[in-house]
Amino acid sequence: MPASPPTPSVSATEFQTRAGLYIEQSGKAPVFITKHRRLARVLIDIEEYERLKARDTRQAYRTENLPDEWAGALEAADYGPADPALDALTD
């Protein structure tokens, strides 16, 4: 998180007072909302949100649901020599 809020930014109190204005502004550029002078939220246009969400390809798998191709790649990977300090944790 940046040390200081980017400009333009608005306090949470000001945002509550004039939400309609900032919702409109967020259609053109992100609106940074601060609380106690620290960044708390960013209001962005729904199209920008959906564009960002579409780029998020992270997915978590349980080991039993891991695709076979990935499981094979993990089994075949060379992880290098074991670290004795880590081995000591499992003893």
Verify same cluster id: Leu21, Val42 (apolar side-chain graph, 4.5 Å): no
How many angstroms lie between atom CG of Asp45 and atom CD of Glu50, to the nearest 0.5 angstrom? 9.0 Å
How would you list, by chain and number, every residue that makes a salt bridge (charged side-chain N to carboxylate O under 4.0 Å, His left out) with Asp56, sequence neighbours excluded? Arg58
Check for me, please, whether Tyr79 and Leu86 land in the same ILVMFWY cluster - side-chain distances under 4.5 Å, paths through other members count. no
For Glu24, the salt bridge (charged side-chain N to carboxylate O under 4.0 Å, His left out) test, sequence neighbours excluded, returns none
Check step by step if side-chain contact (heavy atoms from CB on, under 4.5 Å) holds for Ser26 and Ile44. CA-CA 5 Å; Ser26 72; Ile44 59 173; 5.8 Å; no
d(Ser9 OG, Glu14 CD) to nearest 0.5 Å is 11.0 Å
As a quick check of understanding, evaluate side-chain contact (heavy atoms from CB on, under 4.5 Å) for Ile33 and Tyr22, giving each step before the final call. CA-CA 10 Å; Ile33 303 168; Tyr22 297 113; over 6 Å; no
Say you draw a straight line from CD of Gln25 to CZ of Phe15; how long is it, rounded to the nearest 0.5 Å? 10.5 Å
Does CZ in Arg51 sit with more than 12 non-hydrogen atoms of other residues, nucleotides or ligands closer than 6.0 Å? yes
Following the transitive rule for hydrophobic clusters with a side-chain heavy-atom cut-off under 4.5 Å over Ile, Leu, Val, Met, Phe, Trp and Tyr, establish whether Val10 and Leu43 coincide in one cluster. yes
Suppose the criterion is ring-ring contact (aromatic ring centres under 6.0 Å, His included): which pairs have a residue in residues 59-78, not counting sequence neighbours? Tyr61-Trp70
To the nearest 0.5 Å, how far apart are CD in Glu64 and CZ in Arg62? 4.5 Å
The reported gap from OG1 in Thr13 to NZ in Lys35 (rounded to nearest 0.5 angstrom) is 8.0 Å
Check this for me: Asp68, atom CG, are more than 12 non-hydrogen atoms of other residues, nucleotides or ligands nearer than 6.0 Å? no
